[in-house]
Amino acid sequence: MAVVGAGVVGLSTTAALLQGGADVVCYERAGAPMAQRSAGSSRIFRLAHPTPDLVRLARAARAGFGRWEQAADTPMIIPSGCVISGNPAQGWAAAMAAAGAPHEIVDAPSGGLRLPALTPPSGALLDPAGGVIDVDAVRGYLIGVTRGAVAGVQVYAIEDTATGATVWSPAGEARFDAVVLAAGAGTSPLAAQVGIYTPPALAHHVRFTFPIDQSVAWQSWIDKPSAGLATYQHQSGPGRWAVGGEIDPELMAWEMGREVAMSASGEAVLGYAREHLAVEPRIVDSLYCVTTPGLGDGFEVRRNGSILAVYGENLFKLAPLLGDVLAAACTEGSTPAVPDVAASH
Ligand SMILES: Cc1cc2nc3c(=O)[nH]c(=O)nc-3n(C[C@H](O)[C@H](O)[C@H](O)COP(=O)(O)OP(=O)(O)OC[C@H]3O[C@@H](n4cnc5c(N)ncnc54)[C@H](O)[C@@H]3O)c2cc1C
């Protein structure tokens, strides 16, 4: 089997294939694994999602992180809770109720919120099983269990054949029974070579970090107010608070270039922090990545013959589940979809 991309999705798939006893080559073109969309030290984990199926997937993924935590003997999810405020709160609460996931609607005076908000939200959804993913711990574990399977070369061509697939890289031509394209921003051009459509558009995204009081176990926070900047925020280390915003897409369009996008989003997020957050309004770090705009939560898998392509947004929190699902799809020849995967968990 071959996996293209050693981001969190490709490494999780490689790990699951290896665990099932398969011979696997995972191709990675960057100098190091998990250095593109999976870079950085932290992500939000949450059961809270817009549909019951996605809540079920997140719960299955949490169980997967639990297995990784046991195997690595190290915590990977910091269970500080996750708060959803603004427009999605009620709908996401209904999805959690339908999936039987613990949740609560909380108001600031109840004392249930630990957010650095100058004006705390009311009627917010609290997902007590949510929190922060320790990306460094996940990276360390996945690199350890996939050691020896990762080839540090770029795949520049693939072809579906009657008996499998052929992959071309600087290491030469190689034949495989199945190939999973988990190449993040590089998936679409490779998938197109074998007639699989995945959304090709690219956009810039930047998350900024501010100093914050480190004595509080802050909850992660997704805020989508009816007016003003929609943000996601979470603790990204001791005394560190990361904030990403839904910046005007015209400012983040691919053609604008990285520097313009960094500067426009930095200005918007710093202005937001000054006005709304109890943080020191000083950017101490930033994390840039290339995203595919407009996908939303969840994942999509497309197949042509023995080649599978996967794409989606916010895939980190689903990684252990996605790895298992893609590995099974490789060996069984199936094409997984969210409703089927949710129904089986
Ligand atoms: C700032 C930021 C904040 C985020 N916040 C959250 C969050 O809170 N919660 C959450 O769940 N998710 C979050 N996400 C999204 C999540 O991190 C990504 O969905 C996930 O990391 C994607 O992993 P991936 O393996 O699909 O892609 P990647 O990590 O990009 O991996 C793809 C790999 O493929 C390699 N590659 C590409 N083309 C080729 C080729 N031709 N040959 C060989 N290798 C190739 C690339 O070098 C790359 O390493 C966030 C992302 C960012 C950037």
Side-chain angles (χ1 to χ4, degrees), residues 2-14 25-49 54 57-58 61-62 65 77 82 130-133 135 138-139 142 150-158 167-171 179-193 198 202-209 220-222 231-236 242-246 262 265 269 285-292 295-301 309-323 326:
V3 176
V4 183
V8 73
V9 176
L11 284 187
S12 302
T13 307
T14 303
V25 178
C26 175
Y27 291 93
E28 172 53 54
R29 71 179 173 188
M34 287 177 63
Q36 302 296 313
R37 289 179 175 173
S38 308
S41 64
S42 54
R43 294 289 188 275
I44 293 176
F45 180 80
R46 55 186 156 94
L47 294 188
H49 276 84
L54 291 176
L57 293 193
R62 180 65 188 91
F65 278 116
I77 308 282
C82 180
V132 179
I133 305 170
V135 169
V138 172
R139 185 182 294 114
L142 286 175
V150 178
V153 287
Q154 171 165 1
V155 169
Y156 53 77
I158 51 168
V167 169
W168 284 270
S169 76
V179 177
V180 177
L181 301 178
T187 293
S188 183
L190 285 176
Q193 292 181 13
T198 68
L202 299 176
H204 311 276
H205 177 72
V206 198
R207 187 183 88 183
F208 298 93
T209 304
S220 298
W221 185 19
I222 293 175
T231 58
Y232 65 87
Q233 315 185 26
H234 56 91
Q235 196 145 14
S236 55
V243 184
E246 281 180 24
M262 296 263 313
S265 50
V269 172
D285 197 8
S286 64
L287 179 62
Y288 167 89
C289 77
V290 174
T291 61
T292 304
L295 295 182
D297 280 318
F299 67 85
E300 292 279 344
V301 178
V310 59
Y311 64 91
E313 196 176 14
N314 292 327
L315 296 180
F316 211 111
K317 58 184 151 59
L318 299 180
L321 173 71
L322 260 182
L326 290 166

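Just follow the structure's listing: the first ligand is 1, and inside any ligand the first atom is 1. In this chain, residues are counted from 1 in sequence order. All values below come from the heavy atoms of this structure, side chains included, with hydrogens, waters and symmetry mates left out.
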message: Among all protein heavy atoms in this structure, tell me which lies nearest to atom 24 (P) of ligand 1, with the distance rounded to 0.1 Å.
response: V9 CG2, 3.8 Å

message: With a heavy-atom distance limit of 4.0 Å, tell me whether E28 approaches ligand 1 through its side chain, its backbone, both, or neither.
response: both

field: ligand 1 N/O within reach of V8 N/O, cut-off under 3.5 Å
entry: yes

- line: A student checking ligand 1 against A30 at a 4.0 Å heavy-atom cut-off should list atoms 47 (O)

task: May I ask you to identify the nearest protein heavy atom to atom 9 (N) of ligand 1, giving residue, atom name and distance to one decimal place in Å?
output: I44 O, 3.1 Å

- prompt: Is any side-chain heavy atom of F316 less than 4.5 Å from a side-chain heavy atom of F45?
  reply: no

- request: Please say whether H234 places an N or O atom under 3.5 Å from an N or O atom belonging to ligand 1.
  value: no

query: Counting from 1, what ligand 1 atoms have a heavy atom of V4 closer than 4.0 Å?
result: 40 (C), 42 (N), 43 (C)

- prompt: Is any side-chain heavy atom of V3 less than 4.5 Å from a side-chain heavy atom of L181?
  reply: no

task: Without swapping roles, check the side chain of R37 against the backbone of G7 for a donor-acceptor pair under 3.5 Å.
output: no

task: For atom 41 (N) of ligand 1, grab the closest protein heavy atom and report residue, atom and distance to one decimal in Å.
output: V155 O, 2.9 Å

Numbered atoms and elements of ligand 1 in range of H205, under 4.0 angstrom, heavy atoms: 1 (C)

query: Rounded to the nearest 0.5 Å, how far does CD1 of I77 lie from NZ of K317?
result: 11.5 Å

- prompt: atom 37 (C) of ligand 1: which protein heavy atom is closest, and how many Å away?
  reply: A183 O, 3.1 Å

- prompt: So which bit of C289 gets within less than 4.0 Å of ligand 1, heavy atoms only: side chain, backbone, both or neither?
  reply: side chain

- request: Determine, step by step, whether V206 and L287 satisfy the side-chain contact (heavy atoms from CB on, under 4.5 Å) criterion, reporting the C-alpha distance in whole Å, the side-chain angles of both residues, the deciding distance to 0.1 Å, and the verdict.
  value: CA-CA 5 Å; V206 198; L287 179 62; 6.0 Å; no

- request: Please identify which atoms of ligand 1 are closer than 4.0 Å to at least one heavy atom of L190.
  value: 41 (N)

message: Are the side chains of L142 and V8 in contact, using a 4.5 Å heavy-atom criterion?
response: yes

message: For the 3.5 Å polar cut-off, considering only N or O atoms, please tell me whether R37 and ligand 1 meet it.
response: yes

field: Atom indices of ligand 1 within 4.0 angstrom of G7 heavy atoms, with elements
entry: 25 (O), 28 (P), 29 (O), 31 (O), 33 (C)

query: With a 4.5 Å heavy-atom cut-off, do I44 and V132 have their side chains touching?
result: no

- prompt: Okay, side chain of E28, backbone of G152: is any donor-acceptor separation there less than 3.5 Å?
  reply: no

task: Output yes when the distance from some N or O of ligand 1 to some N or O of K317 is under 3.5 Å, and no in every other case.
output: yes

- prompt: Would you say the side-chain atoms of R139 pair up with the backbone N or O of G40, donor to acceptor, closer than 3.5 Å?
  reply: yes

query: Where is the nearest protein heavy atom to atom 45 (C) of ligand 1: which residue, which atom, and how far?
result: R29 CG, 3.6 Å

- prompt: Will you find, in the side chains of S236 and R43, an N or O donor that is under 3.5 Å from an N or O acceptor?
  reply: no

- line: Under 4.0 Å from one or more heavy atoms of G5, ligand 1 contributes atoms 33 (C), 34 (O), 35 (C)

- prompt: Evaluating non-hydrogen atoms only, which member of T292, I222, N314, L295 is closest to atom 13 (C) of ligand 1?
  reply: N314

message: At under 4.0 Å between heavy atoms, is it the side chain or the backbone of V206 that contacts ligand 1, or both, or neither?
response: neither

message: Quick check on contacts: which atoms of ligand 1 are under 4.0 angstrom from a heavy atom of V153?
response: 43 (C)

field: Which residues share a salt bridge (Lys or Arg N to Asp or Glu O under 4.0 Å) with E300, sequence neighbours left out
entry: none

task: If you have a sec, work out which protein heavy atom is nearest atom 2 (C) of ligand 1 and how many Å separate them, to one decimal?
output: Y232 OH, 3.7 Å

Numbering as shown, the atoms of ligand 1 that approach Q154 to under 4.0 Å (heavy-atom distance): 41 (N), 42 (N), 43 (C)

- request: Starting from atom 29 (O) of ligand 1, find the nearest protein heavy-atom neighbour and note its residue, name and distance.
  value: S38 OG, 2.5 Å

field: Under-4.0 Å heavy-atom contact with ligand 1, by part of A182 that carries it
entry: backbone

message: For L318, which part has a heavy atom under 4.0 Å from ligand 1: side chain, backbone, both, or neither?
response: neither

- prompt: Is there a donor-acceptor contact under 3.5 Å from the side chain of Q235 to the main chain of G131?
  reply: no

statement: Among non-hydrogen protein atoms, atom 14 (N) of ligand 1 lies closest to R43 NE, 3.5 Å

- prompt: Is there at least one pair of N or O atoms, one from A185 and one from ligand 1, spaced under 3.5 Å apart?
  reply: no

- prompt: Do S265 and F208 come within less than 4.5 Å of each other through their side chains, counting heavy atoms only?
  reply: yes

- prompt: Heavy-atom distance under 4.5 Å between the side chains of R62 and L57, does that happen here?
  reply: no

query: Is it true that the side chains of Y288 and H205 contain a donor and an acceptor less than 3.5 Å apart?
result: no

Electrostatic pair D285:R207 at N-O distance under 4.0 angstrom: no

task: Looking only at distances, please establish whether an N/O atom of ligand 1 is found under 3.5 Å from an N/O atom of L315.
output: yes

